[in-house]
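Structure first, commentary second.
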Amino acid sequence: MAAPLIADYVVWVFCAAVGVVQVAAATTGLGGLLLARTRPALCRWGGAVLVITAFAWFFATDERNLPDTAGGVDGVKQVMWFAIGAGAGVAASLLVASALNHRWALSQEPGTPDEGLGALAHDTFARLLARNLRAAVRQPSTLWRGVR
Amino acid sequence: MDGAIVRWLNDGVGAFTPWDLFMEAIVSDYLVPVAGSLVMVGMWLWGQGRERYLNQVAVIAGNTAVGVTNGLISAINAAYFRRRPFLGHDLDISLFYHPTDSSFPANSAGVGFAIATAVFVRSRRWGAALYALAALWALSRVYVGVHYPSDVLAGAALGVLVALAFAGIYRLFDPVPRVVVRVMRRLGLA
């Protein structure tokens with residue numbers, strides 16, 4: 001009983017996190033994070049629909065009110081599984097959006113480490129991360145230098 | 001008084017099936033924590049420049065507050081045992097499982113209100129929505145007969161106080177979250 005609930009929980013959180021990332025990225029203009037960069041409205045509404053559908057699916061498909069001793073997930077494990085599900089959702093969004101927007105990003109101004117997520121308005125996460133890691137390997141102190 | 005309120009609310013169980021189905025989803029261990037945590041994921045990305053930075057600090061403070069609230073409530077539950085209302089009253093407990101741990105204070109209310117307060121510090125609109133959800137979660141726990149009103153009031157008060165304390169502490173010790181956020185910014189994650 002426990003495994004299916006945890007699996008369903010992770011799928012639910014994963015899908016909802018992908019939806020939340022699309023809504024937030026479309027609203028704040030982070031084009032490098034969008035799965036359909038030229039259609040931000042589609043990303044915003046599609047993301048919202050994905051979140052709502054994920055919630056409805058989780059609660060409508062099975063009995064979810066179970067004690068920890070009969071397949072339920074206690075608070076500590078819930079934190080862990082949420083981190084895994086949401087982390088995977090965010091990571092998948094970053095990677096897939098990077099692949100889809102690679103050509104566009106080549107024609108844009110490269111992001112700088114100081115911009116952080118703001119660089120995704122004109123760059124992809126993969127390019128930004130690669131650039132930042134190369135700088136960190138050459139000079140590890142760049143990771144924290146200038147951080148006040 | 002506590003018992004009378006539980007009995008009065010619990011009398012409604014079974015009277016209107018759509019309402020029971022709604023309460024069955026709200027009372028779940030998963031809906032409110034996941035909704036609140038997803039709002040925090042959104043907050044991490046939301047805004048521009050300093051606005052986004054302040055949102056991210058609020059998310060760090062909120063997560064810390066939830067962990068501390070949870071720990072404090074577990075400690076109180078271990079030190080003081082209060083029997084669940086369905087064990088001392090004739091209640092319809094068909095909408096939820098039968099918890100065996102201490103009833104006072106309610107962990108669900110503590111966590112729900114800690115998340116809502118942490119979000120409310122930065123975003124009144126989302127914070128208010130999460131307060132409403134946390135209040136509904138607390139009410140549903142009384143409705144299904146697993147908590148007394150005083151359990152959820154104590155849990156909610158603890159969650160609000162801890163979240164406000166951490167919002168203040170992080171403002172006081174600003175360099176800590178600032179360094180965390182800025183190092184993550186170097187990796188393109190903040």
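Sequence lines set the chain letters: A, B, ... in the order given, protein chains first and strands last, and positions in each chain run from 1.
- At a threshold of 4.5 Å between non-hydrogen side-chain atoms, the residues B/L38 and A/F82 count as touching.
- Residue B/E51: no heavy atom, backbone or side chain, is found under 4.5 Å from chain A.
- One finds the CZ atom of A/F125 at 4.5 Å from the CG atom of B/L189 (value rounded to the nearest 0.5 Å).
- B/L130 is connected to A/V51 through a chain of hydrophobic side-chain contacts under 4.5 Å among Ile, Leu, Val, Met, Phe, Trp and Tyr, so both are in one cluster.
- Within 6.0 Å of atom NE2 in A/H102, 12 or fewer heavy atoms from other residues, nucleotides or ligands are found, so the atom counts as exposed in its surroundings.
- Atom-to-atom distance recorded for A/L30:CG and B/W46:CH2 is 10.5 Å, nearest 0.5 angstrom.
- Side-chain contact check for B/L45 versus A/T27: every heavy-atom pair is 4.5 Å or farther apart.
- Taking 4.5 Å as the limit, every side-chain heavy atom of A/V90 sits out of range of all side-chain heavy atoms of B/W44.
- Per-residue counts of heavy-atom pairs under 4.5 Å with chain B were compared for A/P67, A/A24, A/A25; the largest is that of A/P67.
- If you chain together hydrophobic residues whose side chains sit under 4.5 Å apart, B/V41 and B/V119 fall into the same group.
- With a 6.0 Å radius and a threshold of 12 heavy atoms from other residues, nucleotides or ligands, A/W57 has its CH2 atom above the threshold.
- Judged by distance alone, with hydrogens and angles left aside, the side-chain atoms of B/Y30 form no donor-acceptor pair with the main-chain N or O of A/F59 at under 3.5 Å.
- Of the two parts of A/E115, only the backbone, made up of N, CA, C and O, holds a non-hydrogen atom closer than 4.5 Å to a non-hydrogen atom of chain B.
- Of the listed residues B/A25, B/G67, B/S28, B/G42, the one with more heavy-atom pairs under 4.5 angstrom with chain A than any other is B/S28.
- Residue A/A16 touches chain B through both its backbone and its side chain, counting heavy-atom pairs closer than 4.5 Å.
- In this structure, the portion of B/L95 lying under 4.5 Å from any heavy atom of chain A is its backbone and not its side chain.
- By the rule that hydrophobic residues join a cluster once side-chain heavy atoms approach within less than 4.5 Å of another member, B/L21 and B/V13 end up as members of separate clusters.
- Judged by distance alone, with hydrogens and angles left aside, the side-chain atoms of A/N132 form a donor-acceptor pair with the main-chain N or O of B/R186 at under 3.5 Å.
- Counting heavy atoms from C-beta outward, A/L117 and B/R185 have side chains that stay 4.5 Å or more apart.
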Would you please test A/F55 and B/V34 for side-chain contact (heavy atoms from CB on, under 4.5 Å) and show each step? CA-CA 9 Å; A/F55 272 76; B/V34 168; 4.0 Å; yes
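- At least one donor-acceptor pair under 3.5 Å links the side chain of A/N65 to the backbone N or O of B/E24.
- Under a hydrophobic clustering in which Ile, Leu, Val, Met, Phe, Trp and Tyr are joined whenever their side-chain heavy atoms come within less than 4.5 Å, directly or via other members, B/M40 and A/V18 fall into different clusters.
- The shortest heavy-atom contact between A/Q78 and B/P33 is OE1-CB, 3.8 Å.
- With hydrophobic clusters built from ILVMFWY side chains whose heavy atoms lie under 4.5 angstrom apart, A/L129 does not share a cluster with A/V96.
- Within residues 136-152 of chain B, no residue has any heavy atom closer than 4.5 Å to a heavy atom of chain A.
- Rounding to the nearest 0.5 Å places CG of B/D29 at 9.5 Å from CG of A/D74.
- Atom CG of B/L187 and atom CG of A/L133 lie 6.5 Å apart (nearest 0.5 Å).
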